[in-house]
Protein chains: 2
Amino acid sequence: MQDFFVRAGSAVSRSSSSITLDAFDLAILNILQRDNSTPQRVIGEAVNLSAPAVQRRIRRMDDAGVIQANVAVIDPAEVGQPITIFVEVELESERADLIDAAKRAFTAAPEVQQCYYVTGEADFVLVVIVPSMGAYEALTRRLFFDNANVKKFRTFVAMDRVKVGLTVPLPR
Amino acid sequence: MQDFFVRAGSAVSRSSSSITLDAFDLAILNILQRDNSTPQRVIGEAVNLSAPAVQRRIRRMDDAGVIQANVAVIDPAEVGQPITIFVEVELESERADLIDAAKRAFTAAPEVQQCYYVTGEADFVLVVIVPSMGAYEALTRRLFFDNANVKKFRTFVAMDRVKVGLTVPLPR
DNA sequence: GCACGCACGAAAAAATCTTGCATTCATCAG
DNA sequence: CTGATGAATGCAAGATTTTTTCGTGCGTGC
């Protein structure tokens, strides 16, 4: 296995410990981000390490925040939430406190699955999951129309969730 | 616990078995989609069911595709991929075969974390993860400029990943 | 009323995860 | 050059979890 190192952590990242990851760690992450129910013994065989060694590395990356969460991915359509919508939101004012207020409001809404604060022609991009267009309409009223600071928003309804996941392209 | 049922599956959903979920299932899903390393015993205590009962329900939902995957969520910044970008892509032609070709091309790119085919002013929305703006520039060349069918695209660079996840709002 | 299907809980069995410990290897000071 | 130190490893034992087995209760339909 080649020598490859990633200096974890960046200027943007929050309170992470910024640990160093080697090729073993990346190989382990690559397995876990596709299936974290893989037994450590199997991972060990795949990366040529003993199960305890794998375990200690996973633990270390967990503690350091490299692994942010371990989650089950649910098909929204299967639980009565078949509609995915993208929303670009443009604010009237970009005052810091108003930006923060918007962040809090969007984060607090369970329908808002993802929220990014962006540069460009919009200020926020949201990924929204709703059971019906009616529910979306209600959400827009609650989140946008009742918010004096929202100048406008543009809606993109997803017809096909072509590729969905949080998989990160890992350097090899 | 109240009687609440969700008829899983919809016209949009693929080859799923469309099983019926009750309040127990939803409660279990709600735990798993936040932390799937929670022991079944603990889940059982939370929802008032034995561990084996919890296990059987999880297995059933797994088989039916309600649970699409079990994954570790990795902080991109920690593995040298600090930049998240949204891209709206507009195609020249909306011929079905060209749409499909675009889907395949976007899906195949590891930098494309998420890809949705949408209605509205754009045809596709992408979530892209890259190590640098240079890498993004290279990706746009490969994915958009070398593709004669891409009319134009708009880029939104994420300054803050305010809320990221695949959590689905579950009916209670 | 009775058989059947279905889901449950308790307990046992199997597998996995976790920890302790001795060893190896690389680094570094003397 | 030699020995100390720290970090990471593998093996093996112990703790925990997952999975299976089995008997029971409940609702449905014949």
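Just so we're on the same page: letters track the sequence lines, and every chain starts at 1.
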### Query
Which class fits the ring pair A:F153 and A:F144: parallel under 30°, tilted 30 to 60°, perpendicular over 60°?
tilted

### Task
Work out how much the helix from C:dG1-D:dC30 to C:dG30-D:dC1 bends between its end axes, five pairs an end, to the nearest 10 degrees.
10°

### Message
Out of the candidates A:R161, A:K163, A:Q114, only one should pair with B:Q114 under the side-chain hydrogen bond (donor to acceptor under 3.5 Å, both in side chains) rule; please name it.
### Response
A:Q114

#### Entry: Ring center gap for A:Y116 and B:F86 short of 6.0 angstrom
yes

### Task
Taking the six-membered ring for Trp and the full ring for Phe, Tyr or His, determine whether the centres of B:F156 and A:F124 are under 6.0 Å apart.
no

Protein-nucleotide distance ([X], atom [atom1]; [N], atom [atom2]), rounded to Å:
{"X": "A:D22", "N": "C:dA26", "atom1": "CG", "atom2": "P", "value": "15 Å"}
{"X": "A:E45", "N": "D:dG10", "atom1": "CD", "atom2": "C1'", "value": "15 Å"}
{"X": "A:N70", "N": "D:dT17", "atom1": "CG", "atom2": "P", "value": "16 Å"}
{"X": "B:I43", "N": "D:dT17", "atom1": "CD1", "atom2": "C1'", "value": "12 Å"}
{"X": "A:L21", "N": "D:dA8", "atom1": "CG", "atom2": "C1'", "value": "15 Å"}
{"X": "B:N48", "N": "C:dC8", "atom1": "CG", "atom2": "P", "value": "12 Å"}

### Query
Is a donor on one side and an acceptor on the other found under 3.5 Å between the side chain of A:D63 and the backbone of A:R60?
no

### Query
Does A:E111 reach the main-chain N or O of A:Y136 with its side chain, forming a donor-acceptor pair under 3.5 Å?
no

### Query
Is the phosphate of C:dA7, meaning OP1 or OP2, less than 4.0 Å from a side-chain N or O of B:R60?
no

### Query
Taking NZ, NE, NH1 and NH2 as the nitrogens, is one of them in B:D123 or B:K151 under 4.0 Å from a carboxylate oxygen of the other?
no

### Task
Taking all heavy atoms of B:E92 and all of B:A148, pick out the closest pair and write down the distance.
CG-O, 3.9 Å

### Nearest heavy atoms of A:L170 and A:N30, plus distance in Å
CD1-N, 3.5 Å

### Options D:dG10, C:dG9, D:dA8, nucleotide nearest the side-chain atoms of A:R57
D:dA8

## Note on the structure
With B for base contact, S for sugar-phosphate-only contact and - for none (protein heavy atoms under 4.0 Å), nucleotides 15-20 of chain C reads -SSBBB

